[in-house]
> 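Quick one: structure below, then a few questions.
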There are 2 protein chains.
Amino acid sequence: MAFKTDSAKKYLKEHDIKPSTIRIKVLQYLKDNKHHPTVDDIYKELIEDIPTLSKTSIYNTLELFLGKNIVNLVSIDDKESRYDIDTSAHGHFKCKSCNKIYDFNINTSNLGEEDIKGFIINKRKIYYEGICKDCLKSS
Amino acid sequence: MAFKTDSAKKYLKEHDIKPSTIRIKVLQYLKDNKHHPTVDDIYKELIEDIPTLSKTSIYNTLELFLGKNIVNLVSIDDKESRYDIDTSAHGHFKCKSCNKIYDFNINTSNLGEEDIKGFIINKRKIYYEGICKDCLKSS
DNA sequence: AATATAAATTGTAACCATTACAAAATTGGA
DNA sequence: TCCAATTTTGTAATGGTTACAATTTATATT
């Protein structure tokens with residue numbers, strides 16, 4: 001557990017979220033596991049700590065976090081939602097062979113958004129799919 | 001019906017798809033309604049023509065089209081999948097106010113993909129969300 | 001044409017991530 | 001401590017999607 005409880009509390013308060021036990025643990029999990037976990041990933045881990053944990057609580061917490069903009073929804077998977085505590089601008093690449101999701105930096109400044117000039121852009125979601133280097137090597 | 005049956009047949013054959021009635025009609029619908037329809041949108045329209053139509057057939061057909069790369073899946077909506085017959089490179093903007101989805105041209109050449117150099121990129125999906133110009137005007 | 005074989009379509013049921021909601025538990029302030 | 005508000009839980013429902021077997025339709029062969 002690299003992300004300390006105190007840091008988590010502070011972080012939540014700073015983002016206008018009352019730091020309950022579950023919220024703290026979910027935040028810590030997200031900070032320590034930046035591999036775009038699913039609800040089930042989080043649930044499976046936290047149930048070890050909180051035996052009474054309900055999956056609904058994970059959904060509630062993530063919904064709250066989304067509303068406060070401290071996590072982003074990653075919909076690169078068609079089956080289940082993934083969550084990303086890293087809200088800085090970056091894209092996601094999913095390897096169709098190993099299913100791993102890679103982050104990559106993007107430069108949207110010269111993407112060319114003339115067609116939607118005058119629109120308010122709140123979120124940019126960039127999903128790529130293909131075959132990653134590792135899988136290419138081993139084939 | 002702007003996209004003619006003969007054109008549809010030809011188009012399907014060219015893409016290695018046997019032109020059945022349903023496939024032709026689905027293709028025509030997609031060519032004539034480029035507003036990223038859902039399965040239900042397509043079903044509701046085509047059931048008028050084909051009274052025995054099953055929703056499963058729409059799923060089957062779209063799955064086939066996806067496999068042949070003549071449509072793209074648009075996952076900008078969290079509830080249901082949308083489909084796009086326009087497979088050229090472009091992004092999708094969803095207005096959170098009116099829910100309309102806009103196409104916009106992109107220039108990925110200078111997006112900066114250094115982090116995934118050496119990867120094979122098969123698909124680029126670019127989803128934006130915010131408020132469109134029309135909604136901004138009327139508020 | 002008739003038959004046989006393959007392909008396409010249908011209908012129903014199951015799947016499963018997510019949501020709704022009311023009950024129970026917990027928290028924090030007076 | 002007590003009370004009210006908030007948080008958490010558990011269960012049931014929702015709904016898009018998929019599995020699959022049965023039916024229908026198309027294609028090829030004689």
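The chains referred to below are lettered A, B, ... by the order of the sequence lines, with proteins before strands, and numbering in each begins at 1.
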> From the list D:dA19, D:dT11, C:dA17, which nucleotide is the closest neighbour of the side chain of A:Thr56?
D:dT11
> Salt-bridge test for B:Lys44 and B:Asp40: reply yes if a basic N is under 4.0 Å from a carboxylate O, no otherwise.
yes
> Across the strands shown, which category fits B:Ser57 at heavy-atom distances under 4.0 angstrom: base, sugar-phosphate, nothing?
base
> Give a yes/no answer on whether the side chain of A:Lys79 brings an N or O atom under 4.0 Å of OP1 or OP2 in D:dT18.
yes
> So which nucleotide from C:dT10, C:dT9, D:dT8 ends up closest to the side chain of B:Arg23?
C:dT9
> Looking for any heavy atom pair under 4.0 Å, which part of the strands does A:Asn60 touch: base, sugar-phosphate only, or nothing?
base
> Closer to the 5' end of DNA chain C via nearest nucleotide, is it A:Val39 or B:Ile50?
B:Ile50
> B:Asp49 and B:Lys25: salt bridge (Lys or Arg N to Asp or Glu O under 4.0 Å), yes or no, with the steps?
CA-CA 9 Å; B:Asp49 253 351; B:Lys25 299 253 186 207; 3.1 Å; yes
> Is B:Ser81 close enough to D:dG16 that one of its side-chain N or O atoms is under 4.0 Å from OP1 or OP2 there?
no
> Counting side-chain heavy atoms from C-beta on, which of D:dT17, C:dA17, D:dT8 comes nearest to B:Tyr59?
D:dT17
> Of the options D:dT7, D:dT9, D:dT27, whose atoms approach the side-chain atoms of B:Lys18 most closely?
D:dT27
> Atom NZ of A:Lys55 and atom P of D:dA12: how far apart are they, to the nearest Å?
16 Å
